[in-house]
Amino acid sequence: MNLNGKRVLLIISGGIAAYKALELIRLLSRAGCKVTCVLTKAGAQFVTPLSVQALSGEKLYTDLFSLTDDSEMGHIELSRAADLVVVAPASADILAKMAAGLADDLATTVLLATDKQVLAAPAMNVRMWQHAATQANLATLAGRGVLIVPPDEGPMACGEFGPGRLAEPPVILDAIARALGASGPLSGKHAIVTSGPTHEPIDPVRYLGNRSSGKQGHAIAAALNALGAKVTLVSGPVAIPDPLGVTTIHVETAAEMLAAVEAALPAEIAVCAAAVADWRAASLAPHKIKKNADAQPSLLLTENPDILRRLAAPGALRPRLVVGFAAETQNLEENAAAKLARKGCDWILANNVGGTGIMGGAQNQVTLITADGAEAWPLMNKSALATKLAARIAEQKL
Ligand code: C5P
């Protein structure tokens, strides 16, 4: 990645993830960026001013320095001397101050005074992240054009589990590169991703569904977007937010998912991560089916269209790379290889979903099956798996 001559002002706020800011400085410097840092008082509880200054090789700004002093750069100048202002980690506190327009220390004053694009990578406890106040602040900031690099999900330093861990420094670097106009390896490419379950109605109140959370498909959409792809995510009903920067189309049924996918073509890349219901009710009862002590109702099913197979069928609109998933509980590799052939897709990510809590969980373990053979990937976070898959896709000539 070449960011030669670009200037980034990095604001390091408080939180255990502040140590990752050191790695980010290293990556930015290696890419040719000049990195000037502001360390907040809370941030200085987690990393030392000396290590930040040593890594950036530039003067460090903290509240300890008097910015009214002629020998110092004023906060207005500081806020405008950079091409991009990055807040990483961005604590719940600094996000709230940014949303409210507070300016009670150097970092928040710079953020209020800047006329440059701002990018924030939040990191905090899962409950703080999920709190309605934080989510409202994020929506306000995103609405004002602040770029947000969403946190990862996983075990946290506080002992809890969930979204809130700072995104990995290479992911933040990618987002910075894109904000600075450096194109990612997938820029100019369109990717369609399906995600989540489908709900197939039986009557006005009941449906056939499954346990898919959409976490893996949504993470893949975000990871492809992080590498510069334009992404259309077609999602069944899920309880997770739309990924930032991705066009998300919400559908209920397999038929609606197929129609949305076909409407989104053409695309160079398609990843089918949705757990599409194989069947739907042959007919939809117009009224709620009543309980009847004398007779059990029977449900006649009919097969749903296979979206992956349709996408992978030869034709002018076939994406250059079509990737499917195979959730198996036995004979993983054989079944997945057979599925690759049957569906006509290029890659299959086979995962063993037999009783491991993978469906709906935060982690996933897959074997990548291609025409060249099988490659078992280690158990990892769904977001890490998505990043690895996106990087592998970016290696292809598409
Ligand atoms: O046939 P099976 O459901 O095991 O195949 C799984 C793969 O096919 C997944 O990639 C899934 O997204 C896709 N699929 C689909 N449409 C269907 C069924 C599965 O796109 N109706």
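Both counts, for ligands and for their atoms, begin at 1 and track the order of listing.
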Show your working on side-chain hydrogen bond (donor to acceptor under 3.5 Å, both in side chains) between H218 and D242 and close with a plain yes or no. CA-CA 8 Å; H218 279 51; D242 295 349; 4.9 Å; no
Partners meeting salt bridge (charged side-chain N to carboxylate O under 4.0 Å, His left out) with [X] (sequence neighbours left out):
X    : result
E334 : none
D105 : none
D203 : R206

Using a 4.0 Å cut-off on heavy atoms, what residues surround ligand 1? Order them by chain and number. C272, A274, V276, D278, P305, D306, I307, L308, G324, F325, K339, K343
Donor-acceptor side-chain pairing of T198 and E200 below 3.5 angstrom: yes
Tell me yes or no: between the side chains of H199 and T253, is some donor less than 3.5 Å from an acceptor? no
